[in-house]
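All remarks here apply to the structure that follows.
Just so you know, these numbers use all the heavy atoms, side chains as well, and skip hydrogens, waters and symmetry mates. Model, not experiment: these values are computed from the prediction.
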Amino acid sequence: TLDRSSAASDVYKRQVLNRSGQVAGAGDTLEKLEMRFNRFFHTSPMAIASLDSSGHVTRANAAFSRLFGAKVAEGTATLEGALRDEGREAMRGAIDAAARGQAGIPSLDVEIAGDPARSVRLYFSAVGDVADDSSEAALVYGIDFTDQRALEAVSYTHLRAHETGR
């Protein structure tokens with residue numbers, strides 16, 4: 001849904017969503033704008049979610065749900081809990097930094113717990129225009145790069161075998 005707390009933010013979102021290049025006018029109802037935004041949000045190939053300060057998801061798109069599972073996407077389990085232990089401390093730090101409004105939070109390469117583990121690069125940002133009643137503390141964007149990691153491992157193995165054969 002669109003955040004109704006900021007008129008400037010609303011105009012920006014209308015410009016982004018309106019493919020004709022024209023700012024949405026009086027003929028566009030809020031429902032139409034929300035429908036366009038939801039279509040954009042849920043068809044994105046990048047996993048996108050907002051988190052509260054404890055790491056629970058408050059809103060997520062379909063790609064996020066596919067990547068992390070329904071329990072995390074619905075907020076019944078934390079994003080931290082979906083990761084292998086070695087990524088949890090860095091994740092907590094990134095959420096805390098975003099909650100403080102920090103800019104330029106370094107991306108994290110983490111592994112999702114499970115067999116086989118999947119590699120994900122996460123990007124965190126602060127929430128800029130939160131309504132007073134919102135519990136959103138951070139935005140997280142994720143890209144699954146498991147296939148890239150597997151290719152790197154194969155390349156490294158071939159390189160090592162080549163070097164050993166010399």
Donor-acceptor pair, distance only, cut-off 3.5 Å: does the side chain of [X] make one with the backbone of [Y]?
X: Asn61; Y: Pro45; value: no
X: Arg118; Y: Ile112; value: no
X: Arg92; Y: Ser54; value: yes

Please report the interatomic distance [atom1]([X]) to [atom2]([Y]), rounded to the nearest 0.5 Å.
X: Ser107; Y: Arg121; atom1: OG; atom2: CZ; answer: 5.5 Å
X: Leu30; Y: Phe37; atom1: CG; atom2: CZ; answer: 12.0 Å
X: Ser125; Y: Gln102; atom1: OG; atom2: CD; answer: 11.5 Å
X: Ser65; Y: Lys71; atom1: OG; atom2: NZ; answer: 13.0 Å
X: Met91; Y: Leu83; atom1: CE; atom2: CG; answer: 4.0 Å
X: Glu136; Y: Arg59; atom1: CD; atom2: CZ; answer: 4.5 Å

Do [X] and [Y] have side-chain heavy atoms sitting under 4.5 Å apart?
X: Asp109; Y: Phe145; value: yes
X: Val72; Y: Thr78; value: no
X: Leu139; Y: Ile48; value: no

Applying a strict under-4.5 Å side-chain criterion to I, L, V, M, F, W and Y, I'd like to know whether Ile143 and Tyr141 cluster together.
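Yes: a chain of side-chain contacts under 4.5 Å links Ile143 to Tyr141.
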Check whether Val127 and Tyr123 end up in the same hydrophobic cluster, where Ile, Leu, Val, Met, Phe, Trp and Tyr are linked by side-chain heavy atoms less than 4.5 Å apart.
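Same cluster.
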Who passes side chain to side chain contact (heavy atoms under 4.5 Å, CB included) against Glu89, sequence neighbours left out?
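Testing Glu89 for side chain to side chain contact (heavy atoms under 4.5 Å, CB included), a comparison that skips the adjacent residues, returns none.
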Please tell me whether Ser119 and Thr146 have a donor and an acceptor in their side chains that are separated by less than 3.5 angstrom.
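Looking only at side-chain atoms, Thr146 and Ser119 do not form any donor-acceptor pair under 3.5 Å.
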Less than 4.0 angstrom from a charged side-chain N to a carboxylate O is my criterion; do Glu111 and Arg84 meet it?
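Judged by the 4.0 Å cut-off on N to carboxylate O distance, Glu111 and Arg84 do form a salt bridge.
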Decide yes or no on side chain to side chain contact (heavy atoms under 4.5 Å, CB included) for Leu51 and Leu79, but give the supporting numbers first.
CA-CA 9 Å; Leu51 306 173; Leu79 181 56; 4.0 Å; yes
Any idea which heavy atoms bring [X] and [Y] closest together, and the distance?
X: Ala98; Y: Ala126; answer: O-CB, 3.3 Å
X: Asp52; Y: Ala137; answer: C-CB, 3.7 Å
X: Leu67; Y: Ala47; answer: CD2-CB, 4.0 Å
X: Gly55; Y: Ile95; answer: CA-CD1, 4.0 Å

List for me each residue that meets salt bridge (charged side-chain N to carboxylate O under 4.0 Å, His left out) alongside Arg66, sequence neighbours excluded, and say none if there are none.
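Arg66: no salt bridge (charged side-chain N to carboxylate O under 4.0 Å, His left out) contacts found.
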If a pair satisfies ring pair (Phe, Tyr, Trp, His ring centres under 6.0 Å) and one of its residues is in residues 67-117, list it, with sequence neighbours excluded.
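For residues 67-117, and leaving out neighbouring residues, the ring pair (Phe, Tyr, Trp, His ring centres under 6.0 Å) pairs sorted by first residue read Phe64-Phe68.
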